[in-house]
2 protein chains.
Amino acid sequence: MSEVAATGISVLLVDDHPIVRQGYRRVLESQGDLHVVAEADNAADAYGAFKAHDPDVVVLDISMPGASGLEAIRNIRARSPRARILVFTMHNEAVLVKAAFNAGASGFVTKSSEPSAVVTAIRNVARGERAMSDDIAHILAEDSLSAGSALDQLGEREIEILRQFAGGATTEQIAAHLNLSIKTVQNYHYLIKTKTGARTDAQLVRLAAACGLTRIWR
Amino acid sequence: MSEVAATGISVLLVDDHPIVRQGYRRVLESQGDLHVVAEADNAADAYGAFKAHDPDVVVLDISMPGASGLEAIRNIRARSPRARILVFTMHNEAVLVKAAFNAGASGFVTKSSEPSAVVTAIRNVARGERAMSDDIAHILAEDSLSAGSALDQLGEREIEILRQFAGGATTEQIAAHLNLSIKTVQNYHYLIKTKTGARTDAQLVRLAAACGLTRIWR
DNA sequence: ATCCGGCTTGGGAAATTTGCCCGAGCTGCA
DNA sequence: TGCAGCTCGGGCAAATTTCCCAAGCCGGAT
């Protein structure tokens, strides 16, 4: 058990962009009570770093290449149910937020939030509370009122594959990233199309973009 | 004209994530010769900030909500051809890189790069040189071997077919619409892919959207 | 405890599309 | 006249998509 409560909050940073980690580190450490004790740049290393440093809070970006961030959350929580995980990402799609909380996240803050919101969220999560940024709360509220987007009928794996596909990845690349057979990815591709009603790959990309799953550099 | 050459390099940061800007700011300022003189969180504000502060280098992320980062580049360069712009983003697709350079960027660095690479790139760009991270150079090299330029290599018919395709039309619909055989549309589809270098239909849609051929957000 | 339903993973096989090569008609232009 | 480039489509092997099916797993209901 970590006994750093009196001296501050220890943080494990997980994000695939080095300079982004550097930046977070400096922002967080300037707070005085927050200490970044380790970093990881992929889901696979995240648990190792967690085990080695037993941080009070894990701050992670779910959109990393390769293995799913959601998987990393489940991975950590499965072996250390005490773990407090704060998802910190650019994505703000309701299905993703729900998936993250279901996977065991304690908080969800978007990168659009003010730095102070992130810091506050970390403190709240460390205290065992649930935390989310205002925009996320708003999105979840909207979502609970609406009948649900086309993406709501998709499972977690389907969402992940759709994200990569819409991002321009080939079937082989997706299969390699997710350690699946090409056949399985093809089947998901087909399944996603039928579930969403998209008749064309282009329609699928447009749908993904419209739902915020993929950003297109208009 | 900015006369800060002797005292360092002034930087304008454009990124839609506040904490990411904060982080960059700290990383850059710890270098001593780099000074962040302004920030902007969207393309529209970018030019105003540029005009007000006349920075030596603009560091911007092209993937911002709403208006395009590419547009912002064109915007700034059109009115201030002296401007040095370093694109700094998570995207690493060849078409995007080319589009950025065509729009007037002086450099392109991915967020997967080491912080030192970003700093080096800023200094090189400020000196008037072109700069890009190793992964980008690699991607462009690969791309140049397989030929394939951008969208302006396409003929009238090809553009029209790409527009309809990216808009979500099926091959049959396009054929019917243009009074062509399905075979011809298929051939165009293939031709367009090879000409643009898109390996995937999704990449084609993204390319079309990036070039303004298709609007995705209704 | 058991069953049901949904998610995930993949095999199989027919139908369709892609990848690439080809020729032919048209136009503009040197 | 002749070349060059766009438009249009045939052909055919290779790859992918489309469906249908099954098995393992897990969580919730009975």
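Letters A, B, ... are given to chains in the order of the sequence lines, protein chains preceding strands, and every chain is numbered from 1.
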Taking NZ from A:K195 and C1' from D:dT18, how many angstroms apart are they, rounded to a whole number? 17 Å
Does a side chain donor of either A:H189 or A:D201 reach within less than 3.5 Å of an acceptor in the other side chain? yes
Hey, are the side chains of A:E129 and A:R123 touching, using non-hydrogen atoms and a 4.5 Å cut-off? no
Select base, sugar-phosphate, or nothing to describe what A:S181 touches, counting heavy atoms under 4.0 Å on all strands. sugar-phosphate
Roughly how many Å is it from CD1 in B:I174 to C1' in D:dC8, rounded to a whole number? 15 Å
When every non-hydrogen atom of A:P55 is compared with those of A:V58, the smallest separation belongs to CG-CG2, 4.2 Å
Distance alone, cut at 3.5 Å: any donor-acceptor contact between the side chains of A:Q22 and A:R26? yes
In whole angstrom, what separates A:Y188's OH from D:dT17's P? 16 Å
Between A:H35 and A:E29, a side-chain donor and acceptor under 3.5 Å: no
Okay, side chain of B:D16, backbone of B:D41: is any donor-acceptor separation there less than 3.5 Å? no
Check nucleotides 13-16 of chain D for protein N or O atoms closer than 3.5 Å to its own N or O atoms and list the pairs.
none

Decide, yes or no, whether a salt bridge links B:K111 with B:D135 under the criterion of side-chain N to carboxylate O below 4.0 Å. no
Whole-Å distance between D:dT17 C1' and A:L204 CG? 13 Å
For the pair B:R199 (side chain) and A:T170 (backbone), establish whether a donor and an acceptor sit closer than 3.5 Å, ignoring hydrogens and angles. no
Would you say A:K193 reaches D:dT17's phosphate, i.e. side-chain N/O to OP1/OP2 under 4.0 Å? no
Can you check the B:H189 NE2 to D:dC8 C1' distance for me, whole Å? 17 Å
Between atom CG in B:L191 and atom C1' in C:dC22, what is the gap in whole Å? 13 Å
In whole angstroms, how far is the P atom of C:dG19 from the CD1 atom of B:I192? 12 Å
Identify which nucleotide among D:dG9, C:dT9, C:dT8 has an atom closest to any side-chain atom of B:T184, counting heavy atoms from C-beta outward. D:dG9
For the pair made of CZ in A:R199 and C1' in C:dT17, what is the distance, rounded to whole Å? 15 Å
Below 6.0 angstrom between ring centroids: does that apply to B:Y24 and B:F88? yes
Nucleotides 19-24 of chain D: protein proximity per nucleotide (B base, S sugar-phosphate only, - neither; heavy atom, under 4.0 Å): B-----
